[in-house]
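Taking it in order: structure first as structure tokens, then the write-up.
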Amino acid sequence: MEEKRKTLIGRVINNRMDKTVVVSVNTLKRFPKYRKTITWATKYKAHDEKNECRIGDRVRIVETRPLSRHKHWRVAEIITKGEVAEILPQEIS
């Protein structure tokens with residue numbers, strides 16, 4: 001029997017925690033009163049076992065058992081690497 005788990009695709013917005021990343025998932029929702037489609041962003045904390053994810057990466061996350069109080073997702077794969085500009089202290093001054 002094949003098991004179906006929820007999967008989402010989003011962008012990593014924070015990777016400062018150990019083995020945890022924050023993933024922002026955008027969904028389109030229709031606002032009922034004005035009948036306008038808006039973009040709705042939801043943040044999920046996901047488990048990143050090898051600390052491979054960087055800010056800006058597009059990742060696929062899969063629902064899993066509760067790993068901590070807020071962590072119920074894990075990173076299944078990194079779809080694309082993000083382009084983040086690194087600024088050295090010498091370049092600022």
Side-chain angles (χ1 to χ4, degrees):
M1 186 171 154
E2 190 175 319
E3 186 177 349
K4 296 287 183 183
R5 294 185 182 215
K6 292 180 188 176
T7 62
L8 298 172
I9 296 175
R11 192 162 300 278
V12 176
I13 58 173
N14 185 343
N15 67 342
R16 288 182 229 144
M17 295 171 273
D18 185 35
K19 296 187 178 182
T20 304
V21 292
V22 179
V23 179
S24 176
V25 177
N26 291 330
T27 55
L28 293 175
K29 289 190 177 184
R30 192 163 194 94
F31 197 80
K33 183 176 180 181
Y34 301 115
R35 297 190 191 117
K36 182 180 178 180
T37 304
I38 59 172
T39 303
W40 198 263
T42 309
K43 295 179 192 176
Y44 296 97
K45 288 184 182 167
H47 185 68
D48 181 20
E49 182 63 37
K50 298 175 185 173
N51 285 326
E52 294 175 333
C53 295
R54 301 286 171 246
I55 295 175
D57 291 355
R58 243 174 103 75
V59 295
R60 181 186 321 276
I61 57 175
V62 179
E63 193 175 34
T64 185
R65 65 180 178 82
L67 300 170
S68 69
R69 181 177 170 194
H70 297 288
K71 238 182 352 179
H72 303 274
W73 298 83
R74 64 179 165 81
V75 176
E77 67 172 319
I78 300 173
I79 299 171
T80 57
K81 289 285 188 182
E83 298 294 326
V84 178
E86 292 289 329
I87 299 174
L88 299 174
Q90 297 84 13
E91 296 175 1
I92 296 173
S93 57

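Along the sequence shown, the residues carry numbers beginning at 1.
- For N51, the side-chain hydrogen bond (donor to acceptor under 3.5 Å, both in side chains) criterion is met by D18, not counting sequence neighbours.
- With side-chain heavy atoms closer than 4.5 Å counting as contact, directly or through intermediates, L28 stands alone and belongs to no larger hydrophobic cluster.
- Remark: R16 pairs with no residue by the salt bridge (Lys or Arg N to Asp or Glu O under 4.0 Å) rule, at least two apart or across chains.
- Residues forming a side-chain hydrogen bond (donor to acceptor under 3.5 Å, both in side chains) with K43 (at least two apart in sequence, or on another chain): none.
- Applying the salt bridge (charged side-chain N to carboxylate O under 4.0 Å, His left out) rule to pairs touching residues 24-39 yields nothing, sequence neighbours excluded.
- Residues meeting the side-chain hydrogen bond (donor to acceptor under 3.5 Å, both in side chains) test with K71, sequence neighbours left out: T20, H47.
- I9 belongs to a hydrophobic cluster whose other members, connected by ILVMFWY side-chain contacts under 4.5 Å either directly or through intermediates, are I79.
- Under the side-chain contact (heavy atoms from CB on, under 4.5 Å) criterion, H72 pairs with P66, sequence neighbours left out.
- A search for side-chain hydrogen bond (donor to acceptor under 3.5 Å, both in side chains) contacts involving R5 returns E3, not counting sequence neighbours.
- Cluster partners of I13, using a side-chain heavy-atom cutoff of under 4.5 Å among ILVMFWY residues and allowing indirect links, are M17, V22.
- For the residue pair L67 and W73, the shortest heavy atom distance occurs at CD1-O, 4.2 Å.
- Of all non-hydrogen atoms in V25 and G10, the two that sit nearest each other are CG2-CA, 4.2 Å.
- Of the possible polar contacts, none joining the D48 side chain to the V21 backbone as a donor-acceptor pair under 3.5 Å is found.
- Nearest heavy atoms, C53 versus N15: O-ND2, 3.2 Å.
- Applying the ring pair (Phe, Tyr, Trp, His ring centres under 6.0 Å) test to pairs two or more places apart or on separate chains, those with a residue in residues 6-36 are F31-Y34.
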Solution key, residues 57-64 side-chain donor-acceptor pairs under 3.5 Å, sequence neighbours excluded:
from	atom 1	to	atom 2	distance (Å)
D57	OD1	G82	N	2.7
D57	OD2	R54	N	2.9
R60	NE	E77	OE2	2.8
R60	NH2	E77	OE2	3.1

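- With rounding to the nearest 0.5 Å, the separation of CZ in R74 from NZ in K19 is 14.5 Å.
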